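Everything numeric in this text was worked out from a predicted model, so none of it was measured. Read the numbers this way: they start at 1 and go in the same order the structure lists the ligands and their atoms. Numbers here are sequence positions counted from 1. Heavy atoms only: backbone and side chains are in, while hydrogens, waters and symmetry mates are out.
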Amino acid sequence: MLINGEAWRTIWREPDGAVGVIDQRALPHYLETRRLCSCAEVEVAIRDMWVRGAPLIGAAAAYGLALAMREEASDAALDEACARLLATRPTAVNLRWALDRLSRQLRPAPAADRRQMAYLLAAELCNEDVAINQSLGHHGLALIKAAAARHPGRRLNILTHCNAGWLATVDWGTATSAIYQAFDAGIELHVWVDETRPRNQGASLTAWELGRHGVPHSLIVDNAGGHLMQHGQVDLCIVGADRVTAHGDVCNKIGTYLKALAAHDNDVPFYVAMPSPTLDLTVSDGLREITIENRSADEIAMVSGIAADGRLETVRIAPHGSSCSTNPGFDVTPARLVTGLITERGVCAANPAAIAAMFGTPEKHR
Ligand SMILES: CSC[C@@H](O)[C@@H](O)C(=O)COP(=O)(O)O
């Protein structure tokens, strides 16, 4: 997508084989890039959220394997790199999907070929992510057009949560892909951007990238969405996903469930943008079967921002001594609250039969 008129992706291969990424920790205040030169550095970048968002985590892991193969391309090294990368973040299934896919393709190859092959496979996975998101956005565009037609003569208000934008993917974004395509098609729209405590991905990332593309948007506190829906100020919700089950339950950034409840109560359509690598057909009941990452207490107790002199600062907002140890990073929205899944194959109802009809069995899905 565009930053000041220049086309960017979130991850790329440098000429010397290092991997370049946008360091999301500095946004929206500074646009900084980092060079990752080893698998260990990719692990840190994923774990410490220099890169984040389910599809981008998968893409980064693929390049992490390429860097690992550059160091040593034996079977043992492949297994070890997969295990280490897999342990970085537990919830988004794209990580496991990317590692399974690359290791399945690399394993039959002679070790001498794996280095070059792994880079090619990682690049292929990234290009595929871009194509998937573009096509998913195309199907979302049809939904947005239909919603706009239901409200002629006024702007369409779309609410999104967290960052399911191009920064969370290689390009386009998932939830935002449809929004960018609708905006580019001249549909008059406005996006309510949930700030998304505790890490504020909405405030620091989604608001920033929508702004760079010129999309009208307003940042709101997480608790405002329900009120806006009650007052007819939200026509449509579109959120991303970190994992969707075979039954259509959606695991996404913490707070998504509350928005889905409010949308249900106010008859606001609630759509989930789901690229197929985010579908996990091995699980059915999202609530019981998905491991939810519990993140650091500091995310609750502290906030980060920019000081008047331009320094990035983190300050404490909670009293010392108050427990901040319960910090689930994600929640599960039951399928019954999801109006539909926007996928690269079309819009799919969030139920087992529709998902099986569109994506088949776990074996076929691989
Ligand atoms: C397109 S990724 C899904 C998002 O909506 C969202 O849950 C997300 O960005 C993941 O959160 P994060 O914890 O920042 O990696």
Side-chain angles (χ1 to χ4, degrees), residues 1 10-11 21-25 27 45-61 88-95 97-98 129-130 132-133 136-137 140 158-180 191 193-210 222 237-244 249-260 270-280 286 290-296 299-300 304 327-333 338 341-344:
M1 298 299 291
T10 52
I11 189 164
V21 294
I22 294 177
D23 185 345
Q24 300 189 16
R25 296 170 305 168
L27 289 171
I46 299 175
R47 184 175 297 115
D48 294 349
M49 295 175 72
W50 308 8
V51 292
R52 43 143 298 288
L56 179 56
I57 290 172
T88 51
R89 295 197 63 189
T91 306
V93 75
N94 304 56
L95 176 62
W97 169 83
D129 177 73
V130 178
I132 286 175
N133 298 333
L136 175 161
I158 302 172
L159 182 141
T160 192
H161 188 69
C162 193
N163 174 250
W166 72 267
L167 290 167
T169 65
V170 179
D171 204 351
W172 281 106
T174 58
T176 58
S177 178
I179 291 171
Y180 288 127
V191 184
V193 179
D194 283 354
E195 62 178 349
T196 319
R197 275 285 283 155
R199 282 187 83 104
N200 292 315
Q201 290 96 327
S204 57
L205 303 175
T206 307
W208 180 81
E209 55 162 273
L210 290 175
D222 290 327
C237 298
I238 310 181
V239 301
D242 294 274
R243 190 184 297 225
V244 176
D249 294 340
V250 172
C251 180
N252 192 51
K253 179 54 57 192
I254 192 78
T256 304
Y257 170 53
L258 287 177
K259 289 300 137 69
F270 189 89
Y271 284 98
V272 174
M274 183 206 74
S276 59
T278 303
L279 177 62
D280 184 355
I290 298 177
T291 304
I292 301 289
E293 179 177 355
N294 194 61
R295 299 198 56 87
S296 139
E299 289 187 349
I300 299 180
S304 300
N327 183 17
F330 302 90
D331 59 27
V332 173
T333 299
V338 176
L341 304 166
I342 308 171
T343 84
E344 72 271 23

Got a salt bridge between R197 and E195, using NZ or NE/NH1/NH2 to carboxylate O under 4.0 Å?
no
At less than 3.5 Å, what protein N or O atoms come close to the N or O atoms of ligand 1? Include the distances to 0.1 Å.
from, atom 1, to, atom 2, distance (Å)
ligand 1, 5 (O), N252, OD1, 2.8
ligand 1, 7 (O), D242, OD2, 2.5
ligand 1, 7 (O), N252, OD1, 2.8
ligand 1, 7 (O), K253, N, 3.2
ligand 1, 9 (O), R52, NH2, 2.4
ligand 1, 9 (O), N163, O, 2.9
ligand 1, 13 (O), R89, NH2, 2.7
ligand 1, 13 (O), K253, NZ, 2.7
ligand 1, 14 (O), R52, NE, 2.4
ligand 1, 14 (O), Q201, NE2, 2.8
ligand 1, 15 (O), G53, N, 3.0
ligand 1, 15 (O), R89, NH1, 2.8

Return yes if some donor-acceptor pair links the side-chain N/O of D331 with the main-chain N/O of Y257 below 3.5 Å, else return no.
yes
For D242, is there any backbone N or O sitting under 3.5 Å from a side-chain donor or acceptor partner on K253?
no
Run D222 and T196 through side-chain contact (heavy atoms from CB on, under 4.5 Å) and show every step you take.
CA-CA 6 Å; D222 290 327; T196 319; 4.2 Å; yes
Mind checking the CG-CE spacing from L210 to M1? Nearest 0.5 Å is all I need.
9.0 Å
Indicate whether the side chain of N163 and that of Q24 have a donor and an acceptor atom separated by less than 3.5 Å.
no
